K.L.:
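Please read through the structure below; I'll follow up with questions.
Lettering follows sequence order; numbering is per chain, from 1. None of these values were measured; they are calculated from a predicted model.
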Amino acid sequence: MSRKCTECHSGEKVQGYGNRISPPIVFVGESPGENEVREGRPFSPRGKSGQLLHQIMKDLDVDIKTLYFTNVCMCPCRGAPPADKVHMCYDGLMDELEALKPKLIVPMGNVAAKAVGQYEKGISFVRGSYRKLRLGPSVTTGVLPTYHPAAILRNPDLFRDLLTDLEKAVAIGVEGRPAVIPPPYEDYEPIHTQEELEAVWPKLEEAKLIAVDLETASRYVYEDEILIIGISYAKGKCASFDWALFEPNPLTLQGKRNIKRLAKLLKTKKCIFQTAGFDIAWLWSRSVFPNLWFDTEVAHWLLDERESGHGLEPMAMRYLSAPPWKAQFRTRNGLGAYIASEEQFGAKFSAIPQDDMMMYNAADADYTRRLAMLFRKEIKKQNMERVMRLVMDATKLYTELFLEGMCIDMNNLEALETKYKKQIAEAEVILEKLAPDVNPRSPKQLSAYLYDQLGLTTFGDLPADGAEIPMDVLSKAMMDVEGEDVDADLYWKTSRPALFSGRIEKGSGLSSRSTGAFTLFWLKRQHPYPAALIQYKQAQKRLKTYCGAIHKFMWTDGRIHPDYRLVGHLHGRFRSSRPTIHNIPNETDIYNIYCAPPGMTILHADYKQADLRLIAHMSGDQELVRWLKGDPHAEVVKAIRHLNDEQLKELEKRDINEFRRSRLAAKSINFGAFYGRGAESMAPQLGLTVKEARLYLREYWKRLPVAKAWMDSRFSELLANGQEYIGPFGNKRRFPLLVSESHRWRVGTLGVNFPIMSSVNYLTTMTHIAVVKNLRAVGIQTLVYPHIHDSINVCVPEDKLQEAAQIIKDTMSQVPIDAGFDGVTWPVDVDAGTHWGSMVAVENLFESST
DNA sequence: TGGCAATGCGCC
DNA sequence: AAACGGCGCATAGCCA
């Protein structure tokens with residue numbers, strides 16, 4: 001029963017292998033690798049991919065001998081088989097599968113998924129979704145695509161997805177469990193009339209836990225409408241209401257009465273949401289304030305801290321064998337399988353037949369409630385209730401920011417845009433004169449022009465052959481020209497020379513064909529083009545990204561409404577978009593685009609050296625605790641230069657520039673050393689040779705042996721703890737699969753990075769919540785302004801400034817102590833101003849009056 | 001034409 | 001031996 005292949009003649013072929021009589025699962029790979037060819041067997045357990053697959057199946061208690069393994073292409077090819085080869089192999093593969101009559105086919109990787117299941121989208125999108133496949137007149141089977149094991153070895157973060165999919169494959173193929181359980185549409189109740197509302201209401205009032213889900217036409221809370229509200233009150237039960245029932249009606253008072261009842265219901269029940277921030281923004285703006293009890297997205301992200309996979313549909317498909325009901329709904333209503341443009345989507349969404357939308361909405365609410373029942377047990381079991389509560393409280397805080405928005409000073413914005421446009425135009429004159437055909441926004445064209453046409457050389461006069469520049473060459477080159485160019489010195493001392501990719505197999509370092517700013521500051525010594533290019537790029541970035549965002553995301557109220565995403569960050573930080581406010585350039589002009597509402601002042605507060613304090617607290621290093629009572633960066637200068645206090649003071653008097661340079665270097669050591677940064681990478685920023693940097697680091701660690709020991713123990717703690725890091729708030733970063741030495745090293749550094757980064761974030765969040773609460777407790781009107789990792793912002797009335805500043809200072813210093821972070825003190829800087837870029841330290845503000 | 005990965009750069 | 005973490009957004013260029 002071997003597979004025939006007559007189309008191509010490219011050497012050795014590897015036939016399928018395993019149980020040929022109705023196997024419960026057939027695995028389909030791409031094409032045989034080295035080991036597979038040697039052994040004549042796809043997914044050979046002696047190859048790395050095969051080994052991983054066999055191990056997982058063994059762990060799932062599946063007898064390997066019952067399974068079957070094959071590839072799309074029988075002959076080996078480097079990398080993924082090209083389309084023409086797949087085409088040639090297609091008929092043979094289908095004949096093979098038809099003869100096997102498998103219960104389930106698991107295509108592994110993009111090529112196999114597309115060949116077997118005819119999936120249109122990439123593997124990361126379609127993985128884990130089940131389809132039926134007709135193989136012949138009498139043979140129908142199921143398909144469940146997943147990643148290729150080789151992809152997991154390259155990107156171990158995907159391991160959990162592979163495992164999930166294979167568990168599902170075993171459930172379907174081996175255990176015969178149903179692949180898909182449709183939602184109980186017949187039990188969902190569409191509510192159009194007052195009579196129907198009255199009939200169902202008692203059921204809602206009897207429930208303890210309800211899941212709530214809204215359908216709206218867009219994201220514009222103040223302009224658009226709520227279409228439907230679904231309330232699931234028991235497993236498989238949901239009432240889906242026409243929102244018109246809750247709209248105030250000039251003819252009758254019924255709408256007003258109904259929304260009061262709704263408000264009371266949602267306030268007294270424990271409410272469950274998926275992505276609560278969205279729904280409560282709409283409800284709050286209609287004066288409905290639900291008792292936010294559980295958020296399924298937050299819960300799932302805490303249980304799986306990776307970026308994606310927390311959508312309602314993937315979760316319900318995974319945990320409840322749901323069909324892709326959202327995709328089906330969108331397809332039958334002409335919305336496309338996925339959302340293309342939000343505006344288009346909104347318009348079409350409003351035109352959908354109401355009953356259809358109600359069924360869709362009811363399924364959403366029902367699945368949300370059912371997932372909450374599952375997740376809450378797991379959250380409890382994993383001892384994550386504290387961080388769960390905190391993130392949900394934060395949801396409410398940043399929904400306030402989203403609804404209220406931030407004020408924009410249009411005059412400042414316009415002036416700044418004019419300035420950038422002028423800078424761009426100036427630079428363009430030079431760039432076009434020198435190279436009219438080169439697009440300065442194209443790295444490809446730039447490297448061809450700078451290196452091939454002009455023949456410029458990079459750091460250390462190396463030829464631009466694309467090789468990585470060794471760090472000591474980089475450092476030496478920069479040291480040779482130190483002091484000749486102040487701008488370049490500053491840039492090099494404060495920026496990193498290379499981009500580091502998340503993938504572990506990729507190296508790091510600076511390409512000798514780089515066209516980034518770091519290299520341009522070197523090239524500008526050789527030719528006028530790079531200097532103009534630096535100006536062009538800087539102004540372009542600021543104009544397009546930071547000014548452009550304001551226009552792009554401003555609502556009709558003239559404000560911007562940043563959308564805080566509290567989940568999806570590997571280390572528990574928060575993110576914002578539309579626009580992002582976590583990466584605004586630290587420049588007065590740009591921050592001054594943002595201002596307080598009339599009559600109010602922005603108060604900004606941040607912790608001094610928050611991450612160093614966390615390290616000191618968590619490691620218990622008393623020397624670091626001592627440093628933090630004074631100036632930790634000066635302490636590092638003393639350590640690495642072997643100075644005592646007096647000698648340091650002398651240095652400051654004798655050579656202030658040298659003192660500052662040393663302090664800057666100390667700062668990079670303080671911030672880099674704990675995150676695993678090595679001498680090679682630090683040397684350029686320290687203005688040292690690699691050898692000198694190594695000595696500096698050695699002196700640094702000599703002074704902090706306890707902290708060093710803590711840092712070095714992280715990886716063994718991971719291994720001792722089920723391959724999980726647990727942060728002080730109970731949040732987790734999991735590494736279920738360690739694939740190589742370099743991966744283990746990287747994971748070790750993350751063991752330091754993760755608890756610090758997440759704890760700084762959560763401490764600051766607790767503080768933000770407490771500050772707002774304490775200010776309001778004494779009757780100060782308070783607006784929530786952004787949280788940025790280790791700093792918070794609020795707006796208060798101008799005449800309450802001094803009182804508010806004191807409350808903030810007291811609250812911020814105390815919150816970490818009360819939360820148990822009492823190994824160190826938590827000093828705070830507080831600034832105030834009507835514009836975000838022109839803030840003054842409050843001490844200075846009130847000096848004259850006190 | 002739109003999806004996608006890559007390049008580059010802004011922040012803590 | 002290697003060797004800095006996390007993110008969002010704009011742009012170009014390749015591919016279906």
K.L.:
Output all residues satisfying side chain to side chain contact (heavy atoms under 4.5 Å, CB included) with A:S716, sequence neighbours left out; order by chain, then residue number.
P.N.:
A:S713
K.L.:
Just checking A:K541: base, sugar-phosphate only, or nothing, at a heavy-atom cut-off of under 4.0 Å?
P.N.:
base
K.L.:
Please state whether the phosphate of C:dG8, meaning OP1 or OP2, lies under 4.0 angstrom from any side-chain nitrogen or oxygen of A:R575.
P.N.:
yes
K.L.:
Between B:dA5 and C:dC9, how far is it from one C1' atom to the other, in whole Å?
P.N.:
15 Å
K.L.:
Can you list, by residue number, the residues of residues 602-612 of chain A that have a non-hydrogen atom closer than 4.0 angstrom to DNA chain C?
P.N.:
none
K.L.:
OP1, OP2 of B:dG10 versus side-chain N and O of A:N586: anything below 4.0 Å?
P.N.:
no
K.L.:
Phosphate oxygens OP1/OP2 of B:dA6: is one of them under 4.0 Å from a side-chain N or O of A:K444?
P.N.:
no
K.L.:
Can you tell me which nucleotide in B:dC12, C:dC7, C:dA12 comes closest to the side chain of A:N439?
P.N.:
C:dA12
K.L.:
For A:R663, check side-chain hydrogen bond (donor to acceptor under 3.5 Å, both in side chains) against everything at least two apart and list the hits.
P.N.:
A:D631
K.L.:
For A:S576, report the nucleic acid contact type (base, sugar-phosphate, nothing); a contact means any heavy atom under 4.0 Å.
P.N.:
sugar-phosphate
K.L.:
Considering every strand and a 4.0 Å limit on heavy-atom distances, what is the contact class for A:Q445: base, sugar-phosphate, or nothing?
P.N.:
sugar-phosphate
K.L.:
So, is A:Y491 near the phosphate of B:dG10, with a side-chain N or O under 4.0 Å from OP1 or OP2?
P.N.:
yes
K.L.:
Of the nucleotides C:dG8, B:dC9, C:dG6, which has the atom closest to the A:H789 side chain?
P.N.:
C:dG6
K.L.:
Considering residues at least two apart in sequence or located in another chain, which fulfil the ring pair (Phe, Tyr, Trp, His ring centres under 6.0 Å) criterion with A:H561?
P.N.:
A:W555
K.L.:
Looking at A:Q685, does any N or O in its side chain come under 4.0 Å of the phosphate oxygens OP1/OP2 on C:dC4?
P.N.:
no
K.L.:
Considering just the side-chain nitrogens and oxygens of A:T515, establish if one lies under 4.0 Å of OP1 or OP2 belonging to B:dG8.
P.N.:
yes
K.L.:
Looking at C:dG5, C:dG8, B:dG8, which one has an atom nearest to any side-chain atom of A:P443?
P.N.:
B:dG8
K.L.:
Is the distance from OP1 or OP2 of C:dC4 to the nearest side-chain N or O of A:S681 less than 4.0 Å?
P.N.:
yes
K.L.:
Please check if the distance between the ring centroids of A:Y696 and A:W701 is under 6.0 Å.
P.N.:
no
K.L.:
With a 4.0 Å cutoff (strictly under), does any side-chain N or O of A:T545 reach OP1 or OP2 of B:dC9?
P.N.:
no
K.L.:
If you find the nucleotide of DNA chain C closest to A:F671 and the one closest to A:T580, which residue's nucleotide is nearer the 5' end?
P.N.:
A:F671
K.L.:
Could you list the donor-acceptor pairs under 3.5 angstrom formed between side-chain atoms of residues 602-609 of chain A and any protein atom two or more places apart in sequence or on another chain?
P.N.:
unit_1, atom_1, unit_2, atom_2, d
A:Y607, OH, A:T767, OG1, 2.7
A:Y607, OH, A:M812, O, 2.7
A:Q609, OE1, A:R613, NH2, 3.0

K.L.:
Indicate, with a heavy-atom threshold strictly under 4.0 Å, whether A:K552 touches base, sugar-phosphate, or nothing.
P.N.:
sugar-phosphate
K.L.:
Does A:D157 pair with A:R306 as a salt bridge, N-O distance under 4.0 Å?
P.N.:
no
K.L.:
Is the shortest side-chain N/O distance from A:R441 to OP1 or OP2 of C:dA12 below 4.0 Å?
P.N.:
yes
K.L.:
When rounded to the nearest Å, what value does the distance between P atoms of C:dA3 and B:dG10 take?
P.N.:
24 Å
K.L.:
Starting at NZ of A:K537 and ending at P of B:dG10, how long is that distance when rounded to a whole Å?
P.N.:
10 Å
K.L.:
Of the nucleotides C:dA3, C:dG5, C:dG8, which one has an atom closest to the side chain of A:W745?
P.N.:
C:dA3
K.L.:
Kindly indicate whether the side chain of A:R746 and the base of C:dC4 share any N or O donor-acceptor pair separated by less than 3.5 Å?
P.N.:
no
K.L.:
Tell me, please, which residues at least two apart from A:F553 pass side chain to side chain contact (heavy atoms under 4.5 Å, CB included).
P.N.:
A:A549, A:R578, A:P579
K.L.:
Would you indicate whether the side-chain heavy atoms of A:R127 and A:P145 approach each other to under 4.5 Å?
P.N.:
no
K.L.:
Using a cut-off of strictly less than 4.0 Å, decide whether A:R542 has a side-chain nitrogen or oxygen near OP1 or OP2 of B:dG10.
P.N.:
yes
K.L.:
Does A:R733 have a side-chain nitrogen or oxygen under 4.0 Å from the phosphate oxygens OP1 or OP2 of C:dG6?
P.N.:
yes
